[in-house]
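What follows is a single structure, written as structure tokens, with notes after it.
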Amino acid sequence: MEKLYDVIIIGGGPAGLAAALYAGRAKLSTLLFEGEKYGGQIALTEEVENYPGAPVNETGPGLVKRMAEQAEHFGVELKLEKVTDVDFSQKDKRVSTSKGDYFAKSVIVATGANPRKLGVPGEDVLTGKGVSYCATCDGAFFEELPIYVIGGGDTAVEEAVFLSKFGSKVTIVHRRDELRAARSIQDKVFNTPNIEVLWDSVVEEIGGDGLVEKLVLKNVKTGELTEVHASEDDGTFGIFVLVGYIPANELLVGKLTLDEQGYVPAGEDMLTSAPGVFVAGDLRAKKLRQVVTATNDGALAAIAAEAYVENEY
Ligand code: NAP
């Protein structure tokens, strides 16, 4: 007979790790699965300035490492195994990975969201060859090269500032004539001399033989096309696509109610449409996706799972 956990948590970002901490402290037998590496999106972030109490110069990986250690300290089992299937239709819920089936009385889904792609020609084939979705991971490859940042939200604007330390010049390409990013973040851009914003522009195509060498931009107001080419000396340049996220809901389609954007709706009890299954973090339909709101969800989901296991299971 397999072990029946009180709670299985899917996802090792701040939401999952906070849920693990609260479940562990509540003395629930708890197993957490992370498919790639702990931390989710925050592990890709160089600076975490807005998590209360985080020291100045806190990094995403640093914060997450301590979150994982804290959860383990309270008895949570952490496994680096990618979840491939779930079945929430029975009282004992099944969570499967390539290594086997696991069962729990309750499940907390905290799989987060993934970077959105532009869907233009050349993007896929040149990913990792000049096209990137993570400034922290790849910024240093573009030392003294021109860099194009696509997007106008908080991520694009914050990462443009980070990338300006590497690139000879950073050009933010935004499809409208005003940025979506918070005013405080925008101010940093306008105070950084080697950042320029190209308004009303979208990417039509990315080109290059092995490495990015060409970017075709279209002005959405005039329809004018502009081709950017790598200089002969540089040979290439960087394109960082930072245009938001799509919910990581592949496991859940047909199993939980999703909203029209694919997020999981839930109230303050974090309860999904399946009894004993809870959601936490960026995957939940909500207004503000931050580390602080992810950890908030994780704590609430764990407390709700505890109540379910004790009173309703
Ligand atoms: P976001 O707020 O959804 O912004 C996405 C940006 O990409 C928008 O400017 C959008 O343009 C643009 N865009 C979307 N699809 C596009 C396409 N196909 N082609 C060209 N441009 C496209 O995403 P985000 O900046 O990644 O932020 C996600 C969440 O994390 C937000 O809630 C944000 O506040 C939060 N966040 C906060 C911080 C912070 O507070 N320090 C840092 C990072 C992220 P439009 O503006 O025209 O829609």
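Everything numeric in this text was worked out from a predicted model, so none of it was measured. In listed order, ligands and their atoms are each counted from 1.
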**Report entry** Hphob cluster co-occupancy, Val107 + Val83, side-chain heavy atoms under 4.5 angstrom
**Finding:** yes
Starting from [atom], find the nearest protein heavy-atom neighbour and note its residue, name and distance.
atom: atom 2 (O) of ligand 1; result: Arg180 CD, 3.5 Å
atom: atom 14 (C) of ligand 1; result: Val243 O, 3.3 Å
atom: atom 3 (O) of ligand 1; result: Gly244 CA, 4.1 Å
atom: atom 42 (C) of ligand 1; result: Glu158 OE1, 3.3 Å
atom: atom 27 (O) of ligand 1; result: Thr155 OG1, 3.5 Å
atom: atom 10 (C) of ligand 1; result: Arg175 NH2, 3.8 Å
atom: atom 34 (O) of ligand 1; result: Asp154 OD2, 2.6 Å

Report task. Determine if the distance from atom 22 (C) of ligand 1 to the closest protein heavy atom is below 4.0 Å. Result -> yes
Looking at ligand 1, does any of its N/O atoms fall within less than 3.5 Å of an N/O of [X]?
X: Lys117; result: no
X: Gly153; result: yes
X: Gly152; result: yes

[X] (side chain) donor-acceptor with [Y] (main chain) under 3.5 angstrom:
X: Arg289; Y: Arg284; result: yes
X: Thr30; Y: Leu28; result: yes
X: Glu159; Y: Thr155; result: no

Requested in this report: May I ask whether Leu288 has any heavy atom positioned less than 4.0 angstrom from an atom of ligand 1?
Outcome: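 The answer is no: ligand 1 sits nowhere under 4.0 Å from a heavy atom of Leu288.
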Report task. Answer yes or no for Leu118: is there a heavy-atom contact with ligand 1 below 4.0 Å? Result -> yes
**Report entry** Atom indices of ligand 1, in the order listed, that fall short of 4.0 Å to a heavy atom of His174
**Finding:**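 Listed by number with element: 9 (O), 11 (O), 45 (P), 46 (O), 47 (O).
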Query raised in the report: Short list, please: which atoms of ligand 1 are under 4.0 Å from a heavy atom of Asn50?
Result: 39 (C), 40 (O), 41 (N)
Query raised in the report: Of Leu242, Ile195, Leu198, Leu163, which meets side chain to side chain contact (heavy atoms under 4.5 Å, CB included) against Ile172?
Result: Ile195
Query raised in the report: Between Arg94 and Asp85, is there a salt bridge with N-O shorter than 4.0 Å?
Result: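 Between Arg94 and Asp85 there is a salt bridge, with a charged N closer than 4.0 Å to a carboxylate O.
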Query raised in the report: Using 4.0 Å as the upper bound for N to carboxylate O, is an ion pair formed by Lys27 and Glu306?
Result: no
Query - Test ring pair (Phe, Tyr, Trp, His ring centres under 6.0 Å) applied to Tyr5 and Tyr102, step by step - result: CA-CA 8 Å; Tyr5 288 90; Tyr102 300 83; 7.1 Å; no
Query raised in the report: Looking at CD of Glu224 and CG of Asp200, how far apart are the two atoms once the value is rounded to the nearest 0.5 Å?
Result: 12.0 Å
Query raised in the report: Do Lys82's NZ or CZ and the ring of Phe33 fall within the cation-pi criteria of under 6.0 Å and 45°?
Result: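 No - Lys82 does not lie over the ring of Phe33 by the 6.0 Å and 45° rule.
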Query - Of the listed options Gln290, Arg289, Arg176, closest to atom 45 (P) of ligand 1 (non-hydrogen atoms) - result: Arg176
